[in-house]
Amino acid sequence: MTDGETGRVFRLAYVPGVTPAKWVNIWTERMPGVPITLIAVPAAEVVELLRNGGADAGFVRLPIDRDGLSVIPLYVETTVAVVPKDHMVAAADEVAVSDLVDHEVFHPLDDTIEWTIRPGLPAHTRPTTTAEAIKLVAAGTGILLVPQSLARLHHRRDLTYRPVPDAPQSQAALAWPTDATTDLVEDFIGIVRGRTANSSRGRTPAAPAEKPVPRKAQKPTQNSSGRRAVPTGRKRKGHRPR
């Protein structure tokens, strides 16, 4: 952290389903002088927030428009089908996309999964948000496919979900404006990457202080006669008279 950043607040945005708690806890322990502010933002709005300087960095869901942003892909989530507990899909441990061909599947406007071909039949309406789609699923009017973390986020007692292994998956990532890669951003990148507190994060570390070289004891030299020279300061013993 540079002197100019002392006392700053680090602003971290995150989209629904992404839980930043473990990284925030490390930041709090490692950077006690810089508070961290969390900003919950819809997935469709996080890129604009970052570009407008509303946050220093943010957890997003790929794919996004990366223009002007630096991105570090993180983990990939399993896609699941959310259904009522008494739905026929709930009878299986997992389902394939082909199993949903005769079922109406909701496609909310904030969907974070990149589909080449939408599964199942188009639902009678297109909800604005995933939360609205969940309510419609609970009403028994269709199925919803989402990343597993979103199914957990919108958990209801009357709903359950099953993995869909052959469906496209959503990937979480850390993103920030490339032109605003501050030392604080670098610090957070280090935390996300699992670097230790003593890591230089790519900066040039300070040169270690040179240790004094221990002086070796000087060996006595030999003169031309083969005898050892007497060290300076020592008196040579003479022959004692008999």
Side-chain angles (χ1 to χ4, degrees), residues 12-25 37-50 54-55 58-64 73-175:
L12 178 66
Y14 67 100
V15 298
V18 176
T19 306
K22 65 177 181 180
W23 297 297
V24 171
N25 289 339
T37 298
L38 297 179
I39 306 171
V41 59
E45 300 176 12
V46 65
V47 169
E48 182 179 359
L49 179 75
L50 292 171
F59 288 108
V60 304
R61 288 188 183 277
L62 302 179
I64 60 170
L74 301 173
Y75 56 89
V76 176
E77 286 195 63
T78 299
T79 299
V80 300
V82 182
V83 296
K85 284 189 173 180
D86 58 355
H87 196 281
M88 60 181 298
V89 168
D93 291 333
E94 61 182 36
V95 295
V97 171
S98 58
D99 296 331
L100 308 176
V101 64
D102 295 325
H103 298 278
E104 290 190 9
V105 179
F106 290 110
H107 184 201
L109 294 177
D110 65 352
D111 187 12
T112 59
I113 299 175
E114 190 173 31
W115 298 96
T116 303
I117 300 176
R118 291 290 309 171
L121 302 172
H124 62 282
T125 184
R126 190 170 183 192
T128 303
T129 65
T130 298
E132 292 179 12
I134 289 288
K135 293 178 181 178
L136 293 172
V137 172
T141 56
I143 293 174
L144 177 64
L145 273 69
V146 292
Q148 184 169 308
S149 65
L150 287 180
R152 291 174 176 169
L153 177 66
H154 298 289
H155 171 72
R156 291 174 54 124
R157 292 184 179 181
D158 53 349
L159 299 180
T160 187
Y161 59 84
R162 293 293 182 268
V164 187
D166 61 343
Q169 296 176 315
S170 174
Q171 185 171 23
L174 178 67

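Listed by chain and number, the residues in a side chain to side chain contact (heavy atoms under 4.5 Å, CB included) with V41 are A13, E45, V46, L49 (sequence neighbours excluded). Contacts of A96 classified as side chain to side chain contact (heavy atoms under 4.5 Å, CB included), with partners at least two apart in sequence or in another chain: S98, D99, D166. Checked against side chain to side chain contact (heavy atoms under 4.5 Å, CB included), P20 has the following partners two or more places apart in sequence or in another chain: L12, Y14, W23, V24, L38, F59.
Residue P108 comes nearest to L144 through the heavy atom pair CD-CD1, 3.7 Å, listed as atom of the first residue, atom of the second, then distance. Between L159 and A138, the closest heavy-atom pair is CD2-CA, 3.7 Å. Considering every non-hydrogen atom in both L121 and D102, the closest pair reads CD1-O, 3.7 Å. When every heavy atom of D93 is checked against every heavy atom of P163, the shortest pair comes out as O-CD, 3.3 Å. Nearest approach of A43 to P16, heavy atoms of both residues: N-CD, 4.0 Å. The minimum heavy-atom distance between L50 and G58, with the atom names listed, is CD2-N, 3.8 Å.
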Tell me which donor-acceptor pairs under 3.5 Å the side chains of residues 76-84 have, and how far apart each pair is, sequence neighbours excluded?
from	atom 1	to	atom 2	distance (Å)
E77	OE1	S149	N	2.8
E77	OE1	S149	OG	2.8
E77	OE2	R61	NH1	2.8
E77	OE2	R61	NH2	3.1
E77	OE2	S149	OG	2.9
T79	OG1	P168	O	2.5

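Looking at F106 and D111, their side chains never come closer than 4.5 Å, going by heavy atoms from C-beta outward. Residues V18 and L74 have side chains not in contact (no heavy-atom distance under 4.5 Å, counting atoms from C-beta outward).
To the nearest 0.5 angstrom, Q171 atom CD is 11.0 Å from I64 atom CD1. Between the NE2 atom in H103 and the CE atom in M88 there is a gap of 4.5 Å [rounded to 0.5 Å].
For E104 (side chain) and G120 (main-chain N/O), no donor-acceptor pair under 3.5 Å exists by modelled atom type.
For residues 122-131, every residue pair satisfying the side-chain hydrogen bond (donor to acceptor under 3.5 Å, both in side chains) rule, not counting sequence neighbours, is listed here: H107-R126, D110-T130. For residues 150-164, the salt bridge (charged side-chain N to carboxylate O under 4.0 Å, His left out) pairs, not counting sequence neighbours, are R156-D158. Sequence neighbours left out, not one pair with a member in residues 130-163 passes ring-ring contact (aromatic ring centres under 6.0 Å, His included).
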